[in-house]
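Report on the following structure.
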There are 2 protein chains.
Amino acid sequence: MRRHVLLYGLLGGLLIAALRFIEYRWIVVEHSLEIYAALIAALFAGLGIWLGLRMTRRAEFVIVRELGVAMPAASDFERDQARASALGLTPRELEMLEHVAAGLSNKEIAAREFVSENTVKTHLSRVFEKLGAQRRTQAVQIAKAQRLIA
Amino acid sequence: MRRHVLLYGLLGGLLIAALRFIEYRWIVVEHSLEIYAALIAALFAGLGIWLGLRMTRRAEFVIVRELGVAMPAASDFERDQARASALGLTPRELEMLEHVAAGLSNKEIAAREFVSENTVKTHLSRVFEKLGAQRRTQAVQIAKAQRLIA
DNA sequence: CAAAAAATCATCCTTTTGGGTGACGCCAAA
DNA sequence: TTTGGCGTCACCCAAAAGGATGATTTTTTG
């Protein structure tokens, strides 16, 4: 989106410059200001709509791509052990991550694993750090994309 | 949307009229044309973006589905529309859910969708309620299991 | 057009998460 | 036997998420 904004500004600048340049030739007609205004308005309206469309379309595209990477983890799952160890993820950490992916809260995981909630939190902190995630949902997304969990 | 287009045209007309009117007072400054152009451009750019966004808003989930069938190389995911509507999930809510599944925070979703964080939270609250989830991770798990999201 | 449905936003309050730090015991490998 | 990885736990703090309610605006629909 940043790119679009930049392009947009650039186009605006160019247009202005062009306008300034043409001013001394074409525009000798009376009442040209209104025509100008209308032209610019129409042009930028079009550009704006285009930009708006472009921005939302990109979002959709991203969604589609996310669908793409989320799907292959459907039936026959096999952990990418190589990547797991490359990231330094321990078995325990992967276990915790799976519980997170199953939608459990830290408290529930703690109860299920017979450890304290604090322990769960430290495990997950390390998982997040190793995966470069800030949130559990993000960690799950990343882990699934990399075939670390089902 | 009709209303938007009308409003848009009206604004344009008004602007032109205003411009025409002001022409004989304000515009004694040199190089004011560029300023004018810039102003109009900015104004209509904003309006255009807004309009574009507004227009695509409603049609979005349809577009997503079209993309889904148009890009078979990406994934074979198809939403269980029957279940989605059986649960009373609105397009917007599913959209939010997808963002959650992508690992975004409420704040990030809000920024991406151009709405307030509060709005995201209410949408998600309803999603959780309809899915019977207490947590976002759980909601994602349930939604994926029921083929509501990829 | 009027009613219903969806989307938007806010405020208050509680719970959950995440980050940072420090510590202790176990065990296997250097 | 010492070192380092792993698993365990605690405490504190800040941010994020969730629940409940109420209200307004847009959009859709009968």
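Just so you know, these numbers use all the heavy atoms, side chains as well, and skip hydrogens, waters and symmetry mates. Just so we're clear, the structure is a prediction, and the values are computed from it rather than from any experiment.
- Remark: C1' of C:dT8 and CZ of B:R92 are 9 Å apart, rounded to the nearest angstrom.
- Between C:dG20 and A:S125, no contact under 4.0 Å exists linking OP1 or OP2 to a side-chain N or O.
- Side-chain contact between B:R92 and B:H123 is present, with at least one heavy-atom pair separated by less than 4.5 Å.
- Rounded to whole Å, the distance from CD on A:E108 to P on C:dT15 is 15 Å.
- Residue A:T119 is classed as a base contact, given a heavy-atom separation below 4.0 Å to a base.
- The CE atom of A:M96 sits 14 Å away from the P atom of C:dT17 (whole-angstrom rounding).
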Could you walk me through whether A:E93 and A:K130 pass the salt bridge (charged side-chain N to carboxylate O under 4.0 Å, His left out) test, one step at a time? CA-CA 10 Å; A:E93 287 165 354; A:K130 289 169 183 175; 2.8 Å; yes

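- In this structure, B:S116 reaches the C:dA10 phosphate: one of its side-chain N or O atoms is under 4.0 Å from OP1 or OP2.
- Across its full length, the helix from C:dC1-D:dG30 to C:dA30-D:dT1 shows an angle of 50° between the axes of its 5 terminal pairs at either end, rounded to 10 degrees.
- Both B:R136 and A:K121 lie near DNA chain D, and the one whose nearest nucleotide falls closer to the 5' end is A:K121.
- Counting heavy atoms from C-beta outward, A:Q146 and A:D80 have side chains that stay 4.5 Å or more apart.
- B:E113 contributes no side-chain N or O that, together with a main-chain N or O of B:A110, makes up a donor-acceptor pair within less than 3.5 Å.
- Mapping B:K130 and B:R135 onto DNA chain C by nearest heavy atom places B:K130 at the nucleotide closer to the 5' end.
- If you run side chain to side chain donor-acceptor pair (under 3.5 Å) between A:N106 and each of A:R136, A:K121, A:E117, only A:R136 comes through.
- Nucleic acid contact for B:N118: base, since at least one base atom lies under 4.0 Å from a heavy atom of the residue.
- For the pair A:R126 CZ and C:dT17 C1', the interatomic distance rounds to 17 Å; values are reported in whole Å.
- Contacts of A:E93 with the nucleic acid, taken as non-hydrogen atoms under 4.0 Å apart, are absent.
- We find that CG of A:L97 is positioned 11 Å from P of C:dG18, with the value rounded to whole Å.
- The residue A:E129 sits apart from the nucleic acid: no heavy atom pair falls under 4.0 Å.
- Using a 3.5 Å distance cut-off with no hydrogens or angles, the side chains of A:T122 and A:T119 do not pair a donor with an acceptor.
- The nucleotide whose nearest atom lies closest to any side-chain atom of A:K107 is, among C:dT16, C:dC9, D:dG7, C:dT16.
- We find the CG-CD distance between A:L148 and A:Q81 to be 9.0 Å, quoted to the nearest 0.5 Å.
- A:Q134 has its CD atom 17 Å from the C1' atom of C:dT16, to the nearest Å.
- Out of D:dA10, C:dT17, C:dT8, the shortest distance to the side chain of A:N106 is found at C:dT17.
- In this structure, B:L124 places its CG atom 12 Å from C1' of D:dA16, rounding to the nearest Å.
- Between B:E95 and B:R112 no salt bridge is recorded (no basic side-chain N to carboxylate O distance below 4.0 Å).
- One interatomic measurement links the two molecules: CD of A:E95 to P of D:dG7, which rounds to 9 Å at whole-angstrom precision.
- Between A:S105 and C:dT15 there is no side-chain N or O to OP1 or OP2 distance below 4.0 Å.
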